Amino acid sequence: MYAAQEALPFHDLAEIPTASDWCQRWSGRRHSFRHVREGGFDARRYGVELLPEKEAKAFVVGHHYSGTFPVARFRFGLFDLGSGDARLCGVAVFGVPVRAEVLTLPLPGLEPYVESLECSRFVLLDECPANTESWFLARCFDVLLARGVLGIVSFADPVPRTDASGVTVAVGHVGTIYQATNAVYMGRATPRTVKLLPNGRVLNERMAQKVRDQEQGHEYAERLLTELGATPMRAGADPRVWLRESLEAVGARNYRHRGVHRYVFRLGTNRRKRESIRLGIPTRAPYPKSPDRR
């Protein structure tokens, strides 16, 4: 047991100082911003359609900072129709979190993965005008409601992350778009310790446990480490020891995360129907505008 203990350095990373009126955009995994006062959004110029997974995955992997695509039930594309040809300029993904509790804790009365889903990716190119996201999100909700989805859970991570050279790979946000679209704020998710890899990617505890127990999906986490220089695991090796040694070899760091912000949308054709959907976690007010006091 002692041999499997990890001795990575611990860090407390600062969160972004305030919420803002800037809308986040992405292109080639690099972020940019548009201010809400810019205006310029014209709904007549845009259309929203369901996307096949191949097209949605290519867009998300190519532009979102994570470079990954989650397990999805519904994938929506935002198309710019202004030039005469429908050109993809945004993708929203609603899918299946790794644990049902992500959905059943905040929305206990809804069937997880069927009546409730997670908004796991929301990516708009930097060419999209300010305020595009609220219109896009509303159109997605219209389709989801028609297909029996009554609740959406989404998270906002306020912790910026950098790679080993100091380049920012995630700027952090407090969920400005969710606040602007009247989501229910449910405070912080559970504080945790996550492992930050040199490329700025996170190896979370669930992924680490898959390696230790060789559960389904362990290959992805192992590939992350070997691509960073870890020696591939040999046949018969103890996966717990391999994980510890690999994390140390690539220069991973532990950091204490105070919990992401949790938001919930209740879907319905009127206010009475929306408010009839039971919440399993007390709501919090007001919306977060700055980091919690330590």
Side-chain angles (χ1 to χ4, degrees), residues 1-15 29 57 60-61 64-72 93 95-105 112-113 118-121 153-170 172 188-262:
M1 185 66 178
Y2 173 78
Q5 291 181 348
E6 295 161 359
L8 303 179
F10 266 92
H11 298 272
D12 283 306
L13 297 184
E15 299 182 359
R29 300 188 191 176
K57 182 176 181 179
V60 170
V61 171
H64 193 261
Y65 73 88
S66 69
T68 62
F69 191 78
V71 178
V93 179
V96 178
V98 293
R99 295 179 294 107
E101 290 84 355
V102 172
L103 302 172
T104 57
L105 284 176
Y113 312 144
E118 180 185 5
C119 179
S120 46
R121 295 289 186 273
V153 179
S154 194
F155 298 94
D157 188 344
V159 176
R161 295 198 300 274
T162 62
D163 63 18
S165 66
V167 174
T168 299
V169 297
R188 299 267 188 161
T190 304
R192 64 196 191 280
T193 296
V194 298
K195 293 172 175 55
L196 189 65
L197 302 178
N199 59 2
R201 300 274 289 277
V202 167
L203 184 76
N204 60 39
E205 181 55 32
R206 182 70 188 107
M207 294 168 66
Q209 197 59 42
K210 286 183 178 182
V211 174
R212 296 186 190 107
D213 296 339
Q214 293 293 280
E215 298 177 23
Q216 182 177 359
H218 67 90
E219 299 92 347
Y220 173 74
E222 292 168 15
R223 187 166 61 251
L224 284 179
L225 293 171
T226 55
E227 288 175 352
L228 290 169
T231 302
M233 192 186 311
R234 298 188 303 274
D238 185 335
R240 297 172 300 171
V241 175
W242 179 87
L243 178 62
R244 182 207 65 184
E245 293 177 347
S246 297
L247 288 169
E248 293 176 358
V250 303
R253 296 165 288 159
N254 280 328
Y255 78 85
R256 298 180 179 91
H257 198 298
R258 292 154 59 195
V260 294
H261 296 291
R262 180 194 285 118

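For clarity, every value in this text was computed on a predicted model and none was experimentally measured. Both backbone and side-chain heavy atoms feed into the values below; hydrogens, waters and symmetry mates do not.
Listed by chain and residue number, nothing satisfies the side-chain contact (heavy atoms from CB on, under 4.5 Å) test with Glu219 (two or more places apart in sequence, or in another chain). Shown here are the side-chain contact (heavy atoms from CB on, under 4.5 Å) partners of Arg192, two or more places apart in sequence or in another chain: Val194, His257, Val260. Applying the salt bridge (charged side-chain N to carboxylate O under 4.0 Å, His left out) test to Arg206 and every residue at least two apart in sequence or in another chain returns Glu215.
For the pair Leu243/Leu203, a side-chain contact is recorded, criterion being any heavy-atom separation below 4.5 Å from C-beta on. Side-chain atoms of Phe155 and Glu118, non-hydrogen and from C-beta on, do get closer than 4.5 Å to each other.
Electrostatic pairing of Glu205 and Arg212 counts as a salt bridge here, judged by a charged N lying under 4.0 Å from a carboxylate O.
When every heavy atom of Arg99 is checked against every heavy atom of Tyr113, the shortest pair comes out as C-OH, 3.4 Å. Taking both residues in full, the closest heavy atoms of Tyr255 and Arg161 are given as OH-CD, 3.5 Å, listed atom of the first, atom of the second, then distance. When every heavy atom of Pro232 is checked against every heavy atom of Trp242, the shortest pair comes out as C-NE1, 3.7 Å. Between Pro158 and Pro160 the shortest heavy-atom distance is O-CD, 3.3 Å. Closest approach of Met207 to Val202, counting heavy atoms only: SD-O, 4.2 Å. Among all heavy-atom pairs drawn from Gly95 and Ser120, the shortest one is N-OG, 4.0 Å.
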request  = Evaluate the criterion side chain to side chain contact (heavy atoms under 4.5 Å, CB included) for residue pair Met233 and Gln214; output intermediate values, then yes/no.
outcome  = CA-CA 11 Å; Met233 192 186 311; Gln214 293 293 280; 3.9 Å; yes
ask   = Could you walk me through whether Leu225 and Val211 pass the side chain to side chain contact (heavy atoms under 4.5 Å, CB included) check?
value = CA-CA 11 Å; Leu225 293 171; Val211 174; 5.8 Å; no
Intermediate values then yes/no, side chain to side chain contact (heavy atoms under 4.5 Å, CB included), Leu224 and Thr68 = CA-CA 12 Å; Leu224 284 179; Thr68 62; over 6 Å; no
request  = Start with the C-alpha distance between His261 and Arg188, add both sets of side-chain angles, then the distance that settles side chain to side chain contact (heavy atoms under 4.5 Å, CB included), and finish with yes or no.
outcome  = CA-CA 5 Å; His261 296 291; Arg188 299 267 188 161; 3.5 Å; yes
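When the shell of 6.0 Å around NZ of Lys57 is examined, it contains 12 or fewer heavy atoms from other residues, nucleotides or ligands. Around CD of Glu101, the count of heavy atoms belonging to other residues, nucleotides or ligands within 6.0 Å exceeds 12.
Atom CZ in Arg201 sits 11.0 Å away from atom CG in Leu196 (nearest 0.5 Å). Between the CD atom in Glu227 and the CG atom in Asn199 there is a gap of 9.0 Å [rounded to 0.5 Å].
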